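Note that this is a predicted model, so its numbers are computed, not measured. Hydrogens, waters and symmetry mates are skipped; everything else that's a heavy atom, side chains included, is used.
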Amino acid sequence: MSITTASKKNRVLRSKIALVSAISLSLAAGSAALAAPAQAADSVTHATSAQSSPLFASAHITADTPYFAGFGAGWKRLVAYPGKVYYPSSGWVQVKQERWERDHWPDQNDYLGTSYFSKYFHSGGTFTFKSTYPLQRTDFGYGDKTEEVYHRLSYRVYKNGYWSPWSKWVYSDTASIYR
């Protein structure tokens with residue numbers, strides 16, 4: 001008799017746990033379903049507009065290697081981060097540039113900043129740009145006298161009333177700049 005009572009209590013306890021889990025899961029799924037349509041509609045609009053026109057994907061971007069660009073105020077070394085974008089049609093192209101300093105494992109790379117460039121093409125062409133910033137000292141100790149810098153670029157195109165999604169990142173080579 002006691003075995004039957006114990007197994008019955010276990011069954012009741014397991015069914016209550018299953019019920020609570022099912023209710024929690026359905027509440028979470030319901031809230032996600034309510035939030036999803038607004039986000040999905042927005043991303044579908046942009047994805048559809050980008051896919052419906054081959055011009056969105058036809059730009060070409062190049063991240064050139066950073067280089068020493070002289071001295072600034074207080075004899076601080078300057079670094080230029082050059083790039084270029086080719087677009088064969090008319091429309092706006094916006095470029096996002098992130099500047100980084102490379103570190104060796106186990107350290108993480110150091111984020112140095114972001115710049116944006118915009119250019120309207122009347123009938124296509126190439127836009128060459130560069131940002132120039134003072135060299136930031138991020139490596140301390142170990143006798144390291146250089147900063148290893150690089151940048152990465154992404155672009156998007158505005159055509160027929162829509163912005164395309166940002167492209168995949170394009171990375172430059174790393175340059176070692178003496179401090």
### Query
In terms of ring plane angle, is the pair H151 and Y81 parallel, tilted or perpendicular, where the classes change at 30° and 60°?
perpendicular
#### Entry: Parallel, tilted or perpendicular: rings of F71 and F68 (30°, 60°)
perpendicular
Does [X] reach the side chain of [Y], with side-chain heavy atoms less than 4.5 Å apart?
X    : Y    : value
L135 : R179 : yes
F121 : S89  : no
S123 : S90  : no

### Task
List the steps, then state whether side chain to side chain contact (heavy atoms under 4.5 Å, CB included) holds for T132 with V79.
CA-CA 5 Å; T132 304; V79 179; over 6 Å; no
State whether the side chain of [X] and the backbone N or O of [Y] hold a donor-acceptor pair below 3.5 Å, judged by distance alone.
X    : Y    : answer
R77  : P134 : no
K168 : S154 : no
S167 : Y155 : yes
E101 : E148 : yes

Considering all heavy atoms of both residues, which atom of [X] and which atom of [Y] are nearest to each other, and what is their separation?
X    : Y    : answer
K130 : A80  : CD-CB, 4.1 Å
P165 : R156 : O-CB, 3.8 Å
D64  : S172 : O-CB, 3.4 Å
T65  : A175 : CG2-CB, 3.9 Å
Y86  : T126 : CD1-OG1, 3.5 Å
V93  : Y87  : CG2-CG, 3.7 Å

#### Entry: Between R102 and T174: side-chain donor-acceptor atoms closer than 3.5 Å
yes
### Message
For the residue pair Y133 / S115, report whether a side-chain donor-acceptor contact shorter than 3.5 Å exists.
### Response
yes
### Task
Test Q94 against Y116 for side chain to side chain contact (heavy atoms under 4.5 Å, CB included), laying out the working first.
CA-CA 7 Å; Q94 185 178 40; Y116 291 89; 4.1 Å; yes
### Query
When rounded to the nearest 0.5 angstrom, what distance separates OG in S131 from CG in L112?
10.5 Å
### Message
Can you tell me how far apart CG (L153) and CD1 (I61) are? Round to the nearest 0.5 Å.
### Response
4.5 Å
Do [X] and [Y] belong to the same hydrophobic cluster, where Ile, Leu, Val, Met, Phe, Trp and Tyr are linked whenever their side-chain heavy atoms lie under 4.5 Å apart, directly or via other members?
X    : Y    : answer
W163 : W166 : no
I177 : Y67  : no
F127 : V157 : yes
Y150 : W169 : yes

### Query
Do you know which of Y120, Y158, Y162 makes ring-ring contact (aromatic ring centres under 6.0 Å, His included) with W92?
Y120
### Query
Could you walk me through whether Y111 and W100 pass the ring pair (Phe, Tyr, Trp, His ring centres under 6.0 Å) check?
CA-CA 5 Å; Y111 171 76; W100 292 84; 5.3 Å; yes
### NZ/K96: more than 12 non-hydrogen atoms of other groups inside 6.0 Å
yes
#### Entry: R137 bridged to E147 by N-O distance under 4.0 Å
no
